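The figures that follow rest on heavy atoms only: side chains count, while hydrogens, waters and symmetry mates do not. What you see is a predicted model; the values in this text were computed from it and never measured.
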Amino acid sequence: MTDPVMPVPDEIRAAFRRPPGRALMLGHVHPDADVLGTLLALGAALEDAGWLVDYGGPHPVPASLGFLPGSDRYRVLPRIDGRYDLAVLTDCPDPDRTEGLIDGARRSAAAIVNIDHHPDNRRYGTVNWIDPSAAATGELVYALIVALGLPVKPGMATNLFTAIHMDTGSFRYSNVTPQTFRIAAELVAAGAPPAFVSNQVYERRPPEALRQLGEVLSRIQVSEDGRIAWLALPAGLVPDTFIEAEDLVNYPRSIGTTKVAVLLRERPGGPVKVSLRAKGEVNVNRIAAGFGGGGHANAAGCVVQGTLEEATRRILAAVRDTIGR
Ligand SMILES: [Mn+2]
């Protein structure tokens with residue numbers, strides 16, 4: 001490796017530059033490729049350096065990400081047992097997203113390391129590295145592994161490449177920078193297989209998924225001025241596994257006039273889950289924050305109490321209010 005891709009804060013490096021101990025790689029609710037890929041890659045690098053590493057969080061690895069190397073090591077943790085020298089959280093802006101596991105981590109681990117690219121990260125770690133200029137936490141963890149002088153092996157490269165691939169919509173979103181491509185290039189050189197990752201992400205649908213997709217897409221609505229496109233999904237319309245495997249908010253987003261795309265997902269007995277995506281200058285993070293949620297300027301989410309109709313009305317009003325200004 002020649003020049004470092006980006007500077008890594010000294011205190012983050014220092015947290016790992018110690019005799020190998022025990023580390024817990026702790027994920028958040030409904031883990032996606034950025035959190036899993038970074039935890040699995042960093043954990044594997046630490047194991048190579050002699051650390052004993054456990055991996056887990058409140059929810060399991062979704063079937064769609066079962067191809068990530070080492071994902072079989074990731075456990076659902078009802079609580080945290082044992083002692084750790086470090087607990088590492090990646091891509092997790094809010095410690096409440098661990099469903100309380102952060103409390104056990106604080107009791108069990110001598111230090112909490114918090115690595116993230118969400119601008120609204122709560123800085124809950126003993127050491128925090130928050131860099132919103134990174135398209136994915138995968139960029140940061142790659143720089144960290146390199147800075148620690150640990151080899152990036154093919155499995156780690158696949159995990160980190162997938163993390164970046166997913167958080168950038170396959171290198172299509174406005175968060176993509178020259179650094180994103182530099183790191184992606186280094187990951188491919190280190191053994192990440194782009195065609196394999198694309199195949200795993202896009203080309204593993206069961207046959208019924210296309211019929212379900214047709215059912216879902218026919219429900220997309222567009223505002224009169226064309227700037228807002230939304231999809232409201234009633235509970236039970238299609239299986240959860242289908243929704244989790246599809247990035248459904250991308251379909252209203254794909255309409256040419258869309259400035260803000262919204263996916264509203266009703267869940268039986270629970271609040272309505274809302275995903276917001278912006279194209280261009282609208283900051284959907286602010287809209288989500290108005291409902292107690294968060295995320296990035298171009299991609300954010302929140303939950304809204306009430307029926308699907310009420311939630312749709314309230315969210316669309318908030319979006320109109322923001323776009324109008
Ligand atoms: Mn991320």
Side-chain angles (χ1 to χ4, degrees), residues 1 4-28 31-57 61 65 68-77 80-92 95 98 101-102 104-117 124-131 134 136-164 183 186-187 190-192:
M1 208 60 57
V5 286
M6 77 178 92
V8 176
D10 288 341
E11 60 169 358
I12 291 289
R13 258 188 284 194
F16 298 96
R17 281 219 170 122
R18 37 148 293 155
R22 292 191 68 206
L24 172 66
M25 312 306 286
L26 180 58
H28 61 59
D32 68 4
D34 199 21
V35 57
L36 288 171
T38 49
L39 291 177
L40 294 170
L42 182 56
L46 292 175
E47 288 184 42
D48 283 347
W51 288 69
L52 295 171
V53 183
D54 291 328
Y55 305 80
V61 175
L65 293 175
L68 292 177
S71 58
D72 54 317
R73 301 271 310 276
Y74 190 92
R75 304 266 174 256
V76 174
L77 302 174
I80 290 171
D81 299 316
R83 304 298 306 171
Y84 293 96
D85 299 287
L86 287 181
V88 181
L89 290 92
T90 55
D91 204 45
C92 180
T98 61
L101 291 174
I102 187 71
R106 286 204 171 102
R107 280 192 297 272
S108 306
I112 306 275
V113 178
N114 170 18
I115 304 173
D116 190 17
H117 68 134
Y124 51 84
T126 318
V127 287
N128 302 283
W129 182 20
I130 314 305
D131 183 353
T137 304
E139 291 186 11
L140 305 179
V141 168
Y142 174 72
L144 173 60
I145 295 172
V146 172
L148 293 174
L150 299 171
V152 178
K153 293 186 176 168
M156 300 172 207
T158 300
N159 272 307
L160 295 174
F161 183 85
T162 307
I164 296 168
I183 291 174
E186 291 184 13
L187 290 169

Exercise for the section: Apply the test side chain to side chain contact (heavy atoms under 4.5 Å, CB included) to residues Cys92 and Asn114: give CA-CA distance (whole Å), side-chain angles for both, the deciding distance (0.1 Å), then the verdict. Expected result: CA-CA 8 Å; Cys92 180; Asn114 170 18; 5.7 Å; no
Problem - side chain to side chain contact (heavy atoms under 4.5 Å, CB included) between Arg75 and Asp54, intermediate numbers included - result: CA-CA 8 Å; Arg75 304 266 174 256; Asp54 291 328; over 6 Å; no
Completion exercise
NE2 (His117) and OG1 (Thr90) are apart, to the nearest 0.5 Å, by 9.5 Å
Exercise for the section: Kindly give the heavy-atom pair with the smallest separation between Leu65 and Ala33, and that separation in Å. Expected result: CD1-N, 3.5 Å
Problem - Steps toward side chain to side chain contact (heavy atoms under 4.5 Å, CB included) verdict (Leu140, Met6) - result: CA-CA 8 Å; Leu140 305 179; Met6 77 178 92; 3.7 Å; yes
Completion exercise
For Ala143 and Trp129, the nearest pair of non-hydrogen atoms, with its separation, is CB-CH2, 4.3 Å
Practice task
Supply the atom-to-atom distance Ile80 CD1 to Leu101 CG, rounded to the nearest 0.5 angstrom.
Solution key: 4.5 Å
Problem - Side chain proximity check, Met156 to Asp48, heavy atoms < 4.5 angstrom - result: yes
Completion exercise
Heavy-atom closest pair (Ala134 atom, Glu139 atom, distance to 0.1 Å) is CA-OE1, 3.5 Å
Practice task
Working to the nearest 0.5 Å, report the span between OG1 of Thr137 and CG of Leu144.
Solution key: 12.0 Å
Exercise for the section: Measure the shortest side-chain to side-chain distance between Val141 and Asn159 over non-hydrogen atoms and say whether it is less than 4.5 angstrom. Expected result: no
Exercise for the section: Using modelled atom types only, decide if a donor and an acceptor are shared between the side chain of Asp32 and the backbone of Val35 within a distance under 3.5 Å. Expected result: yes
Practice task
Measure the shortest side-chain to side-chain distance between Ile164 and Tyr142 over non-hydrogen atoms and say whether it is less than 4.5 angstrom.
Solution key: no
Practice task
Would you mind reporting whether Phe16 and Leu150 have side-chain heavy atoms less than 4.5 Å apart?
Solution key: no
Completion exercise
Between the CG atom in Leu68 and the CG atom in Leu36, the distance rounded to the nearest 0.5 Å is 6.5 Å
Problem - Flag side-chain contact, heavy atom, 4.5 Å: Leu160 against Thr38 - result: yes
Handout entry: Shortest non-hydrogen contact between Leu39 and Tyr55, atoms and distance
Key = O-CE2, 3.5 Å
Exercise for the section: Hey, could you give me the CZ/CZ distance between Arg83 and Arg107, rounded to the nearest 0.5 Å? Expected result: 10.0 Å
Practice task
Assess whether side chain to side chain contact (heavy atoms under 4.5 Å, CB included) is satisfied between Leu89 and Ile115, documenting all intermediate values.
Solution key: CA-CA 6 Å; Leu89 290 92; Ile115 304 173; over 6 Å; no
Exercise for the section: Side-chain contact test, heavy atoms from C-beta onward, threshold under 4.5 Å: evaluate it for Leu40 versus Ser71 and give yes or no. Expected result: yes
Problem - Atom of Ile145, atom of Ala41 and distance for their closest heavy-atom approach - result: CD1-O, 3.9 Å
Exercise for the section: Would you check if Arg73 and Met25 make a side-chain contact, meaning some heavy-atom pair closer than 4.5 Å? Expected result: no
Fill in the blank from the handout: Residues Pro95 and Tyr124: closest non-hydrogen pair is CD-CD2, 3.3 Å
Handout entry: Side-chain donor/acceptor of Asp34 to backbone N/O of Gly138, under 3.5 Å
Key = yes
Problem - From CG (Leu26) to OH (Tyr74), nearest 0.5 Å - result: 7.0 Å
